[in-house]
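Comments concern the structure below.
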Protein chains: 2
Amino acid sequence: MATGRTHRPATRSRGIPEATVARLPLYLRALTALSERSVPTVSSEELATAAGVNSAKLRKDFSYLGSYGTRGVGYDVEYLVYQISRELGLTQDWPVVIVGIGNLGAALANYGGFASRGFRVAALIDADPAMAGKPVAGLPVRHTDELESIISDNGVSIGVIATPAGAAQQVCDRLVAAGVTSILNFAPTVLAVPDGVDVRKVDLSIELQILAFHEQRKAGEEPGQGARTAASRSGSARPAAAAARDGRKGPDGDVPAVMPA
Amino acid sequence: MATGRTHRPATRSRGIPEATVARLPLYLRALTALSERSVPTVSSEELATAAGVNSAKLRKDFSYLGSYGTRGVGYDVEYLVYQISRELGLTQDWPVVIVGIGNLGAALANYGGFASRGFRVAALIDADPAMAGKPVAGLPVRHTDELESIISDNGVSIGVIATPAGAAQQVCDRLVAAGVTSILNFAPTVLAVPDGVDVRKVDLSIELQILAFHEQRKAGEEPGQGARTAASRSGSARPAAAAARDGRKGPDGDVPAVMPA
DNA sequence: CCTTGTGAAAGGGTTCACAGCA
DNA sequence: TGCTGTGAACCCTTTCACAAGG
């Protein structure tokens, strides 16, 4: 059948487990904040708290990068920021294209965290001719016809898809054919890509559904009090709570999406 | 400070592993598409392909829900749609509030997949007085002052935060105090919440950084082996030169986000 | 003392492979 | 015959607990 690949070649390269890689950005953010406050060193305990994980996990994660800490003291903030940035490949600048400039695409284009950390929006692309030339976040929107040339001219290897579900696969195919090897997909569809291409997805409705699942459980076993009904009020129910972690996968098509491309 | 829970008595929920719960929405989407095409039954193999997972995993997942399939035949589409919807708590309507109506908030408000399955946007809330009353996606934007009353009047238990990072924790606290027990956070911050409250986060820059990590690896070892994909030129991994951005600037847990709340 | 770094134990999740049944 | 449902193996991740070392 259709490829359906969404895998990664096994990231065998040199250790570092996926779960750890997924947390490095979190550590980096916390460290950057400390750095701005000119904090020289942090303990695994403090940093872990700031990043929302537990210290054992953090130390284990860092152990995969090397021994960057000092026993009895902690980690040097600046040094760690550098090491993690390097590990994540953020010491270089990655040009990115965003396809589908609707509300979502515009929001992404305006997103500050973007430009600030290793990424640069090389171009905004939309299929609507009426959008062409219109400035969004300081950049003129380019028409889809130019997609291929934009990618090769700028050496873009990362693409963001913010089109409606119906256009996603088509856009994806063109991006890949033009040389993009990493895709961040906001459209609620399972993208089929050849081996060697990484796809990560962000799906609003999936997240909401997962929350609804847990919410339902809470309502179902409300302690004492009577009246509950879905969404009555009642603060915390049973700590049947949570696990907010990240689960990745590829959704499939249906749900109307967010914007025109 | 401190991230609320760090420990959980183990997902006692009611059997169903977290990983499975995270995939149910995928199956549901694929099934809904089949349902619309009036396909009566589907095999684990077909459905798995449509959902982007492998059949063994899918069958194992379904086994936690019960034995809804027929050996030698497959699964009844309509029946499964119902069972999964029920399991996810989508047979009831969940009122949701979106706080922070900038580009992102507006995109979320316009998101069709929302209303279509179990969720209903009860209100759009923003801190900017100028926004008050302005219609977005057919709903008038309400001012933050009304947050508490909106939540209790509508029995809202799920809230979406699409504000800048700086306002997120504060908004979160108010939501929780007002009775919200599930939060979907789009702001790049670690939210601290009391036990019993679920938080899931969607973070653009984290996803991009993870992609960059893998992209960097690809660039590093570009194996001769042609035909590694449809991606014509392996010119992938072509980080533009560039040192980086200016020293300071404020990329961090305080990244200028997407919109005002 | 203090905190890191890490073997080893414990838990989940994924995959295998086949028994069981329509 | 064909496909589901599932025990068991396997593998990845998290947690524990302590030795190592500033």
Side-chain angles (χ1 to χ4, degrees), chain A residues 6-8 10-24 26-27 31 39-77 79-80 83 210 242-250, chain B residues 3 5-24 26-27 31 39-77 79-80 83 210:
Chain A
T6 299
H7 275 152
R8 59 185 35 81
T11 319
R12 261 287 84 28
S13 290
R14 196 54 259 170
I16 311 187
E18 256 318 290
T20 294
V21 172
R23 280 187 296 268
L24 292 182
L26 231 42
Y27 301 144
L31 285 165
V39 176
T41 62
V42 275
S43 66
S44 60
E45 196 64 57
E46 299 169 312
L47 184 54
T49 299
V53 304
N54 69 56
S55 63
K57 193 184 291 182
L58 179 145
R59 288 200 300 279
K60 180 63 101 182
D61 282 341
F62 286 0
S63 77
Y64 292 117
L65 307 183
S67 293
Y68 298 145
T70 304
R71 295 169 198 247
V73 178
Y75 302 89
D76 179 273
V77 176
Y79 187 56
L80 246 194
Q83 290 302 339
I210 294 172
R245 197 59 309 119
D246 30 15
R248 241 80 257 185
K249 232 28 188 155
Chain B
T3 347
R5 71 118 193 40
T6 301
H7 233 64
R8 192 193 319 65
T11 315
R12 255 286 96 28
S13 290
R14 182 23 227 158
I16 312 188
E18 237 346 89
T20 294
V21 171
R23 281 187 295 267
L24 292 181
L26 287 181
Y27 302 143
L31 284 165
V39 176
T41 62
V42 62
S43 68
S44 61
E45 196 65 56
E46 300 169 311
L47 184 54
T49 300
V53 304
N54 69 56
S55 64
K57 194 184 289 184
L58 179 146
R59 287 200 301 279
K60 180 65 100 182
D61 283 341
F62 285 0
S63 78
Y64 292 117
L65 307 183
S67 292
Y68 298 146
T70 306
R71 295 168 199 248
V73 179
Y75 301 90
D76 179 273
V77 175
Y79 187 57
L80 246 193
Q83 291 301 340
I210 294 172

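Numbered from 1 within each chain, the chains take letters A, B, ... in sequence-line order.
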Measure the distance from [atom1] on [X] to [atom2] on [N] and round it to the nearest whole Å.
X	N	atom1	atom2	value
A:E18	C:dG13	CD	C1'	15 Å
B:Y79	D:dT4	OH	P	16 Å
A:F62	C:dT3	CZ	P	16 Å
A:K60	C:dT4	NZ	C1'	12 Å
A:R59	C:dG5	CZ	P	9 Å
B:L58	D:dG5	CG	P	10 Å
B:K57	C:dG12	NZ	C1'	13 Å
A:L65	C:dT4	CG	P	14 Å

Is any side-chain heavy atom of [X] closer than 4.5 Å to a side-chain heavy atom of [Y]?
X	Y	result
B:Q83	B:L65	no
B:D76	B:T70	no
A:L80	A:L47	yes
B:Y75	B:R59	yes

**Study point:** DNA chain D: 5'-proximal contact among A:A56 and A:T70 (nearest heavy atom)
**Key:**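 Checking each residue's closest nucleotide, the 5'-ward one belongs to A:A56.
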Side chain of [X], heavy atoms from C-beta onward: which of [options] has the nearest atom to it?
X	options	result
B:Y64	C:dT14, C:dT6, D:dT13	C:dT14
A:R23	D:dT14, D:dG5, C:dA22	D:dT14
B:A19	C:dG13, D:dA17, D:dT4	C:dG13

Check your understanding: Looking at the rings of B:Y68 and B:F62, which for Trp means the six-membered one, are their centres under 6.0 Å apart?
Key ->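 Ring centroids of B:Y68 and B:F62 are no less than 6.0 Å from each other.
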Check your understanding: With a 4.0 Å cut-off on heavy atoms, is A:Y75 in touch with a base, just the backbone sugar-phosphate, or nothing at all?
Key -> sugar-phosphate
Review point. Is the phosphate of D:dC3, meaning OP1 or OP2, less than 4.0 Å from a side-chain N or O of B:S44?
Key: no
Check your understanding: Does A:N54 put a side-chain nitrogen or oxygen below 4.0 Å from OP1 or OP2 of D:dT14?
Key ->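 For D:dT14, OP1/OP2 do not have a side-chain N/O of A:N54 under 4.0 Å.
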Review point. Per the atom types in the model, does the base of C:dT4 pair as donor or acceptor with the side chain of A:R71 at under 3.5 Å?
Key: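 Looking at the base of C:dT4, it does pair with a donor or acceptor on the side chain of A:R71 (distance under 3.5 Å).
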